[in-house]
*Asks:* 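My structure is below; once you've seen it, I'll send some questions.
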Amino acid sequence: MPTSEPPTSGPDRVPGRGDARFAVVDPSTGETFDEAPDQQPDELDAVVDRAHRAWHDWRADPAARATALRRAADAVEAAGDGLARLLTREQGKPLAESYAEIARTAARLRYFAGLAPRTRRIGDGRPVRSEVRWRPLGPVAAIVPWNFPLQLAAAKFAPALAAGNTVVLKPSPCTPLATRLLGSVLATALPEDVLTVVTGREPLGARLASHPRIRHVTFTGSVPTGRAVARATAASLARVTLELGGNDAAVLLDDVDVDRIADRLFWAAFRNCGQVCMAVKRVYAPARLHAEVVEALARRAKTVAVGSGLDPDTRLGPVNNAPQLARVEHLTRRALADGARAAAGGHRLDGPGYFFAPTILTDVPPDSPVVTEEQFGPVLPVLPYRGLDEAVDAANGTGFGLGGSVWGTDTDRAEAVADRLECGTAWINHHAELSLAQPFAGTKDSGVGVAGGPWGLYGNLRPFVVHRPEEE
């Protein structure tokens, strides 16, 4: 299998100094285990120029694109073992979750290989035949965070490539290695310079977002950085798609069967150590069931296996990086200082690595930052409510609007409540499950634009209208 060493050719072949590198840390130990190229902003001109040249041939043959994307999916699956172990090493998630992420990456390539834009004829009573056709945009910048580096990269590059664009992909400096390896794997199936991986620390991402020859910037990350990306694209008037995280609420109704839903609810909050944009980050439970909900979740938090993602018994790995661990710890300490109680966890774990005990908080002030902000870690506040309107108002009471869920025995009633949530996706009796064929978008501060399904494809295209007289 390929190693994490830089390939001698392929998607991250960039002219330049070539000797600058930065450390990559294993979050289960807190120690450096490898390095990645620290490419500089002034190297991007050559990268984007090559992507622009490659675009002319890539956009010309939709059938060849579909074939190449299917070959790419096969290549990703064939490289699954090496990709999964490297992903777990730098991201921290359990190995089984890394394999699932790689499977999703391959599935997304196949899904978009099977999509094609449809030409539409418009009739308006005039003796003119008008057709709406679709054209690709040009080079696309994909800027990806560290929680799902491969899956989120594919969510950006698969529709962009299927639409006929080329892509410059920049992963987070916390997780560059698996993305570089993925780029090398994809280079065996894609033409040269159609997908280029660049790695480096800031201001590399800022320069990529503001590059004048980039025609679409797609970014996943924090709200402040998303706003900076939007400002950066203004000068070139590039299209921008922003997925800026969430603070998803789970509203439990008074007819909920706590024992039946407890496992699903726990993992909706704690999968990938809570580092999921659409994870449950707040639970609102009826006052009479609140103690039962807290106890059920705390019991699971106290017994779940926490450790290195390479250990087959591990269910929860570490927080990915030191700054994020410090944020999780700060939010938890602030809540405890304000009167909250930890029914489970509430502290860092002793020993090396970035481990935080799975935490269930009760008696949390509703205005505590651990409730109103996105904690993005293994911490879950559970808040009581007395009236359903109160719960819905609280669920809608933050600046976020990515997802939400309602849990109860009467699913018709639950759906009626879900329809009142101010978010892009609402689930009934489950959470954070997405089909490749559905749109994914947030409201309010959770983002701009739409990813997923045909909407994701058309987000990488522009309409082109042709008029011609009808034959007499």
Side-chain angles (χ1 to χ4, degrees), residues 223 243-262 264-270 274 276-294 296-297 331 335 338-340 343 360-376 379-434 438-447 450:
V223 173
E243 194 272 279
L244 304 181
N247 188 359
D248 290 14
V251 177
L252 278 54
L253 302 184
D254 55 10
D255 66 347
V256 72
D257 184 333
V258 175
D259 286 339
R260 186 175 182 182
I261 63 102
R264 273 174 283 157
L265 182 60
F266 179 84
W267 287 110
F270 284 90
V276 183
C277 59
M278 55 182 173
V280 169
K281 298 185 176 75
R282 302 171 282 153
V283 174
Y284 294 95
R288 70 176 184 84
L289 296 175
H290 179 260
E292 183 181 354
V293 173
V294 169
L297 294 173
L331 290 173
D338 288 343
I360 304 296
L361 295 176
T362 186
D363 302 327
V364 187
D367 60 351
S368 174
V370 80
V371 176
T372 61
E373 299 178 13
E374 183 180 29
Q375 66 270 38
F376 218 67
V379 177
L380 181 65
V382 183
L383 298 98
Y385 71 86
R386 298 195 178 279
L388 190 54
D389 289 345
E390 173 192 340
V392 172
D393 287 346
N396 292 336
T398 76
F400 294 96
L402 192 60
S405 56
V406 182
W407 306 67
T409 301
D410 183 340
T411 54
D412 287 338
R413 180 182 175 224
E415 184 174 350
V417 175
D419 196 49
R420 299 169 61 188
L421 298 181
E422 296 172 357
C423 57
T425 305
W427 295 270
I428 310 299
N429 289 333
H430 64 124
H431 196 105
E433 297 179 20
L434 294 175
Q438 77 182 66
F440 182 63
T443 63
K444 300 189 285 186
D445 288 348
S446 285
V450 183

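This chain uses plain numbering: 1 for the first residue, then up along the sequence. Below, all heavy atoms of this structure are taken into account, side chains as well, without hydrogens, waters or symmetry copies.
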*Asks:* Rounded at 0.5 Å granularity, tell me how far CD1 in Ile428 sits from CZ in Arg413.
*Replies:*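 Going from CD1 on Ile428 over to CZ on Arg413, the span is 12.0 Å.
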*Asks:* Taking the side chain as every heavy atom from C-beta outward, state whether Leu253 and Leu388 have any atom pair closer than 4.5 Å.
*Replies:*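 Of all side-chain heavy-atom pairs linking Leu388 with Leu253, at least one is under 4.5 Å.
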*Asks:* What are the two closest non-hydrogen atoms of Val450 and Pro439, and how far apart are they?
*Replies:* CG1-CB, 3.7 Å
*Asks:* Do Ser405 side-chain atoms and Ala426 backbone N/O form a donor-acceptor pair below 3.5 Å?
*Replies:*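 Side chain of Ser405 to backbone of Ala426: no pair is present.
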*Asks:* Identify, with sequence neighbours excluded, every residue that meets side-chain hydrogen bond (donor to acceptor under 3.5 Å, both in side chains) alongside Arg260.
*Replies:* none
*Asks:* Run the side-chain hydrogen bond (donor to acceptor under 3.5 Å, both in side chains) test against Asp255 and tell me which residues pass, sequence neighbours left out.
*Replies:* none
*Asks:* Rounded to the nearest 0.5 Å, what separates atom CG in Leu331 from atom OG in Ser368?
*Replies:* 7.5 Å
*Asks:* Flag the pair Val371 / Pro366 as yes when at least one side-chain heavy-atom distance between them is below 4.5 Å, and no otherwise.
*Replies:*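 Counting from C-beta outward, Val371 and Pro366 never come under 4.5 Å.
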*Asks:* Looking only at heavy atoms, which two atoms of Tyr385 and Tyr284 are closest? And how far apart?
*Replies:*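 Where Tyr385 meets Tyr284 most closely, the heavy atoms are CE2-O, 3.6 Å.
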*Asks:* For a quick test of reading the model, state the closest non-hydrogen atom pair linking Ser446 to Gly246 and the distance between them.
*Replies:* OG-CA, 4.0 Å
*Asks:* One pair to check against side-chain contact (heavy atoms from CB on, under 4.5 Å): Lys281 and Phe400. What are the steps and the verdict?
*Replies:* CA-CA 11 Å; Lys281 298 185 176 75; Phe400 294 96; over 6 Å; no
*Asks:* Between Ala249 and Ala395, which heavy-atom pair has the shortest distance, and what is it?
*Replies:* CB-CB, 3.7 Å
*Asks:* Do Arg264 and Ile261 touch side chain to side chain, with heavy atoms closer than 4.5 Å?
*Replies:* yes
*Asks:* Could you please spell out the steps behind the side-chain contact (heavy atoms from CB on, under 4.5 Å) verdict for Val293 and Val256?
*Replies:* CA-CA 10 Å; Val293 173; Val256 72; 5.6 Å; no
*Asks:* How long is the gap from CG on Asn396 to CZ on Arg420, to the nearest 0.5 Å?
*Replies:* 8.5 Å
*Asks:* With side chains defined as the heavy atoms from C-beta onward, is the minimum distance between Thr425 and Leu402 less than 4.5 Å?
*Replies:*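 The answer is no; the side chains never approach within 4.5 Å.
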*Asks:* Distance check, rounded to the nearest 0.5 Å: His290 atom NE2 versus Leu383 atom CG?
*Replies:* 6.5 Å
*Asks:* So Ile360 and Phe270, side-chain contact (heavy atoms from CB on, under 4.5 Å) or not? Walk me through it.
*Replies:* CA-CA 11 Å; Ile360 304 296; Phe270 284 90; 3.8 Å; yes
*Asks:* What are the two closest heavy atoms between Thr443 and Gly424, and how far apart are they?
*Replies:*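 It is CG2-N, 4.4 Å.
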*Asks:* Roughly how far, to the nearest 0.5 Å, is the CZ atom of Arg282 from the CD atom of Glu374?
*Replies:* 10.5 Å
*Asks:* Keeping the roles fixed (side chain from Glu243, backbone from Gly245), state whether a donor-acceptor pair exists under 3.5 Å.
*Replies:*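 Looks like yes, one N/O pair under 3.5 Å.
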*Asks:* Kindly check if the number of other-residue, nucleotide or ligand heavy atoms within 6.0 Å of CD (Gln438) is above 12?
*Replies:* yes
*Asks:* Please tell me if the side chains of Val406 and Leu421 come closer than 4.5 Å, counting only heavy atoms from C-beta onward.
*Replies:* yes
*Asks:* Run the side chain to side chain contact (heavy atoms under 4.5 Å, CB included) test against Leu244 and tell me which residues pass, sequence neighbours left out.
*Replies:*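 Per chain and number, Leu244 pairs via side chain to side chain contact (heavy atoms under 4.5 Å, CB included) with Phe219, Val223, Leu242.
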*Asks:* About how many Å separate CG of Asn429 and CG of Asp257, when rounded to the nearest 0.5 Å?
*Replies:*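 Taking CG in Asp257 and CG in Asn429, the distance rounds to 10.0 Å.
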*Asks:* Less than 4.5 Å apart, side chain to side chain, heavy atoms only: is that true for Leu265 and Val283?
*Replies:*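 The answer is yes; the side chains approach within 4.5 Å.
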*Asks:* Taking the inter-plane angle between the rings of His431 and Trp427 on a 0 to 90° scale, is it parallel (under 30°), tilted (30 to 60°) or perpendicular (over 60°)?
*Replies:* tilted
*Asks:* Would you name the heavy atoms of Gly408 and Thr411 that are closest together and state the gap between them?
*Replies:*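 Nearest heavy atoms, Gly408 then Thr411: O-CG2, 4.3 Å.
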